[in-house]
Colleague: 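To start, I am sharing the structure in question, which I have written as structure tokens.
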Amino acid sequence: HALHYGSQVFEGERAYGVVIFKSREHTQRLRKSCHYLDFDLPVSDDEMDAIKDQVLAANHIVDGYVRAFCWRGSEMMAISAQETKIHLAVAAWQWPSYFDPEVKMKGITLDISDWRRPSADSAPVHAKAAGLYMICTLSKHNAEQKGYQDSLMLDWRGYIAEATGANVFFLMKDGTLHTPTPHCFLNGITRQTLIDMAKARGIKVIERHMKPEDMADASECFLTGTAAEVTPVRQIGDYHFTPAEITRALVDGYADLVNGRG
């Protein structure tokens, strides 16, 4: 049923020094995603966390990426799926840092996608569900063909939503940090972590609807996500940014946090 109709949910998690960052929060979100798709995670939270640790240990992974996923099986070949078996799997692989710190601080470039994030009454937008990512794949492919690394997605109304697999933040010229309100996309665990970090550093964080033209008032920009961590951005379409002091502080602060140094 997952293959034919997209009934699969998943989590992406990172292990630093064998420890999965916010493992329980990811497990809880996986369970919520299952509920959005009208089934349940077939193990307890404690069992789920233990399985992830066992997979890391069995593969001798110290710093890695963990993918837990849950899906409906093949017992019913139809739209209805009440009698399908619920399957669970966990995979893990080595995942070192993507970039040298100095290379990373130069920032990546993003196109602006033609695909739009759907409204909350037209798709289970708060589930980390596989089917929701098809427009992300199409957006990223189109961006890469143009020479960009990723793509910024707007929502169905034309407001800024997120990148194809990461949330987005903008440091405005008045020193405040702005990020789109997650009405129709995931309120990422890394996103929430960065908001707390920024506030702890005395940075005012504003969550609001943002129009593309609001990017003209931003001096710095970065993405956040389990895989992306905190990734500086230097260009989105025709808008340009300079990764600088605040972005570097949050990049370094997040690295310290996940590695147990802060």
Colleague: For Tyr5 and Ala78, work out which heavy atoms get closest and say how close.
Modeller: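 Taking every non-hydrogen atom into account, CE1-O, 3.3 Å.
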Colleague: Would you say the side-chain atoms of Ser33 pair up with the backbone N or O of Arg29, donor to acceptor, closer than 3.5 Å?
Modeller: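 Answer holds: yes.
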Colleague: I'd like to know if the side chain of Asp111 pairs up with that of Ser151 as donor and acceptor (distance under 3.5 Å, no hydrogens or angles considered).
Modeller: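 Checked: Asp111/Ser151 side chains show no N/O donor-acceptor pair below 3.5 Å.
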Colleague: Within the 3.5 Å criterion, strictly below it, is a donor on Lys140 or Ser113 matched to an acceptor on the partner's side chain?
Modeller: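 There is no such pair (donor and acceptor under 3.5 Å, judged by atom type) between the side chains of Lys140 and Ser113.
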Colleague: Would Arg116 and Asp155 pass as an ion pair if we require N to O under 4.0 Å?
Modeller: no
Colleague: Do Val55 and Asn59 have side chains that approach each other closer than 4.5 Å (heavy atoms only, starting at C-beta)?
Modeller: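 Heavy-atom side-chain distance check passes, below 4.5 Å.
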Colleague: When you look at CG of Asp174, are more than 12 heavy atoms from neighbouring residues, nucleotides or ligands closer to it than 6.0 Å?
Modeller: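 For Asp174, atom CG is crowded (more than 12 foreign heavy atoms under 6.0 Å).
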Colleague: Over all heavy atoms of both residues, which pair between Pro182 and His126 is shortest? Give the atoms and the distance, please.
Modeller: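 So the minimum-distance heavy-atom pair works out to O-CE1, 3.3 Å.
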Colleague: How far apart are the C-alpha atoms of Asp49 and Thr27, what are their side-chain angles, what is the distance that settles it, and do they pass the side-chain hydrogen bond (donor to acceptor under 3.5 Å, both in side chains) test?
Modeller: CA-CA 7 Å; Asp49 290 348; Thr27 292; 2.6 Å; yes
Colleague: Of the non-hydrogen atoms in Tyr16 and Val258, which two are nearest, and what is the gap between them?
Modeller: CB-O, 3.4 Å
Colleague: Checking side-chain contact (heavy atoms from CB on, under 4.5 Å) for the pair Val205/Thr176: CA distance, chi angles, key distance, verdict?
Modeller: CA-CA 6 Å; Val205 180; Thr176 57; over 6 Å; no
Colleague: Step by step, would you call Glu220 with Thr242 a side-chain contact (heavy atoms from CB on, under 4.5 Å)?
Modeller: CA-CA 5 Å; Glu220 301 182 41; Thr242 303; 5.8 Å; no
Colleague: Test side-chain contact (heavy atoms from CB on, under 4.5 Å) on Arg14 and Val66 and set out the steps.
Modeller: CA-CA 6 Å; Arg14 288 283 292 270; Val66 180; over 6 Å; no
Colleague: Among the clusters formed by ILVMFWY side chains lying less than 4.5 Å apart, do Val125 and Tyr36 turn up in the same one?
Modeller: no
Colleague: Rounded to the nearest 0.5 Å, what separation is found between the CD atom of Glu229 and the CG atom of Leu194?
Modeller: 10.5 Å
Colleague: Any side-chain heavy atom of Val251 within less than 4.5 Å of one from Met105?
Modeller: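 Val251 reaches Met105 side chain to side chain.
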Colleague: First locate atom OG1 of Thr226, then atom CZ of Arg191, and finally report the distance between them rounded to the nearest 0.5 Å.
Modeller: 14.0 Å
Colleague: Do other residues, nucleotides or ligands put more than 12 heavy atoms under 6.0 Å from the CG atom of Asp114?
Modeller: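 Atom CG in Asp114 is not crowded, with 12 or fewer foreign heavy atoms closer than 6.0 Å.
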Colleague: Looking only at the side chains, is there a donor atom on one of Asp40 and His35 sitting less than 3.5 Å from an acceptor on the other?
Modeller: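 There is such a pair between these side chains.
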Colleague: Can you tell me if Thr193 uses its side chain to pair, donor with acceptor, with the backbone of Ile189 under 3.5 Å?
Modeller: yes
Colleague: Linking I/L/V/M/F/W/Y whenever any side-chain heavy atoms sit under 4.5 Å apart, do Val90 and Ile86 land together?
Modeller: yes
Colleague: Quick check for you: to the nearest 0.5 Å, what is the distance between Ile206 atom CD1 and Thr181 atom OG1?
Modeller: 10.5 Å
Colleague: Can you establish whether the number of heavy atoms outside Glu213 located under 6.0 Å from its atom CD is more than 12?
Modeller: yes
Colleague: Using the ring centroid of each side chain, check whether Phe10 and Tyr133 are separated by less than 6.0 Å.
Modeller: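 Distance test on ring centres: under 6.0 Å, yes.
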Colleague: For Glu207 and Thr179, test the side chains for any donor-to-acceptor distance below 3.5 angstrom and give the result as yes or no.
Modeller: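 No, no side-chain donor-acceptor contact under 3.5 Å.
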Colleague: Would Ser23 and Lys52 count as having a side-chain donor-acceptor pair, cut-off 3.5 Å?
Modeller: yes
Colleague: Asp150 and Thr164: side-chain donor and acceptor closer than 3.5 Å?
Modeller: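 Judged by distance alone, the side chains do pair up.
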Colleague: Donor-acceptor pair, distance only, cut-off 3.5 Å: does the side chain of Asp214 make one with the backbone of Lys211?
Modeller: yes
Colleague: Any luck finding a side-chain donor-acceptor pair between His26 and Glu13 under 3.5 Å?
Modeller: no
Colleague: Does Val233 share a hydrophobic cluster with Tyr239, counting links as ILVMFWY side-chain heavy atoms below 4.5 Å and allowing steps through other members?
Modeller: yes
Colleague: Carefully, step by step, assess Leu177 and Met172 under the rule side-chain contact (heavy atoms from CB on, under 4.5 Å).
Modeller: CA-CA 6 Å; Leu177 190 62; Met172 310 309 280; over 6 Å; no
Colleague: Are Met153 and Phe185 close enough that some pair of their side-chain heavy atoms sits under 4.5 Å apart?
Modeller: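 No, too far: nothing below the 4.5 Å cut-off.
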Colleague: Can you measure from CZ (Phe222) to CD1 (Ile108) and round to the nearest 0.5 angstrom?
Modeller: 12.5 Å
Colleague: Whether the side chain of Lys32 engages the backbone of Lys128 through a donor-acceptor N/O pair (distance < 3.5 Å, no angle test) should be reported.
Modeller: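 No; judged by distance alone, with no hydrogens or angles, the pair does not exist.
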Colleague: Taking Asp63 for its side chain and Gly17 for its backbone only, find out whether a donor-acceptor pair lies under 3.5 Å.
Modeller: yes
Colleague: Is there side-chain contact between Asp45 and Arg31, with at least one heavy-atom pair below 4.5 Å?
Modeller: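 When only atoms from C-beta onward are counted, Arg31 and Asp45 do touch, with a gap below 4.5 Å.
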Colleague: Show the nearest heavy-atom pair for residues Ala15 and Leu56, with the distance to one decimal.
Modeller: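 Here Ala15 and Leu56 meet closest at CB-CD1, 3.7 Å.
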Colleague: Nearest 0.5 angstrom please: Leu186 CG to Gln192 CD, how far?
Modeller: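 It is 10.0 Å, given to the nearest 0.5 Å.
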Colleague: Please tabulate, one pair per line, all N/O donor-acceptor pairs under 3.5 Å involving side-chain atoms of residues 68-76, not counting sequence neighbours.
Modeller:
from: Arg72; atom 1: NH1; to: Leu37; atom 2: O; distance (Å): 3.3
from: Arg72; atom 1: NH2; to: Leu37; atom 2: O; distance (Å): 2.6
from: Arg72; atom 1: NH2; to: Asp38; atom 2: O; distance (Å): 3.2
from: Glu75; atom 1: OE1; to: Lys85; atom 2: N; distance (Å): 2.9

Colleague: Below 30° counts as parallel, above 60° as perpendicular, anything between as tilted: where do the rings of His209 and His183 land?
Modeller: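 Rings of His209 and His183: perpendicular, over 60°.
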Colleague: With clusters defined by side-chain heavy atoms of hydrophobic residues (ILVMFWY) lying less than 4.5 Å apart, directly or transitively, does Leu154 cluster with Leu223?
Modeller: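 Yes, because Leu223 and Leu154 connect within a single hydrophobic cluster, where side-chain heavy atoms sit under 4.5 Å apart.
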Colleague: Quick one: does Asn142's side chain have a donor or acceptor within less than 3.5 Å of a partner on Leu138's backbone?
Modeller: no
Colleague: His178 vs Phe170, test: ring pair (Phe, Tyr, Trp, His ring centres under 6.0 Å). Steps then yes/no.
Modeller: CA-CA 5 Å; His178 292 216; Phe170 300 92; 8.8 Å; no
Colleague: With a 4.5 Å limit on heavy-atom distance, are the side chains of Thr247 and Leu171 in contact?
Modeller: no
Colleague: Measure across Ala2 and Gln8 and return the closest heavy-atom pair with its distance rounded to 0.1 Å.
Modeller: CB-CB, 4.0 Å
Colleague: So which heavy atom on Ile51 is nearest to which on Leu88, and how close?
Modeller: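 Nearest heavy atoms, Ile51 then Leu88: CD1-CD2, 4.4 Å.
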Colleague: Distance only, no hydrogens: is a donor on one side chain within 3.5 Å (strictly under) of an acceptor on the other, for His1 and Thr84?
Modeller: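 No.
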Colleague: Side chains of Asp46 and Ser44: is there a donor and an acceptor less than 3.5 Å apart?
Modeller: no
Colleague: Would you say Lys146's side chain and His141's backbone share a donor-acceptor pair under 3.5 angstrom?
Modeller: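 Pair absent, no side-chain N/O of Lys146 close to backbone of His141.
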Colleague: Apply salt bridge (charged side-chain N to carboxylate O under 4.0 Å, His left out) to residues Glu162 and Arg117 and explain how you reach the verdict.
Modeller: CA-CA 9 Å; Glu162 58 176 350; Arg117 276 288 181 204; 2.9 Å; yes
Colleague: Do the side chains of Pro118 and Ile135 get nearer than 4.5 Å, heavy atoms only?
Modeller: yes
Colleague: Quick one: CD1 on Ile61 to CD1 on Ile20, what's the gap to the nearest 0.5 Å?
Modeller: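 So the CD1 of Ile61 and the CD1 of Ile20 are separated by 10.0 Å.
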Colleague: Counting C-beta onward and ignoring hydrogens, is there a side-chain heavy-atom pair between Ile112 and Ile236 closer than 4.5 Å?
Modeller: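 Sidechains of Ile236 and Ile112: in contact.
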Colleague: Consider only side-chain N and O atoms of Thr224 and Thr190, and report whether a donor and an acceptor are under 3.5 Å apart.
Modeller: no
Colleague: Under a 4.5 Å cut-off applied to non-hydrogen side-chain atoms, are Cys184 and Trp156 in contact?
Modeller: yes
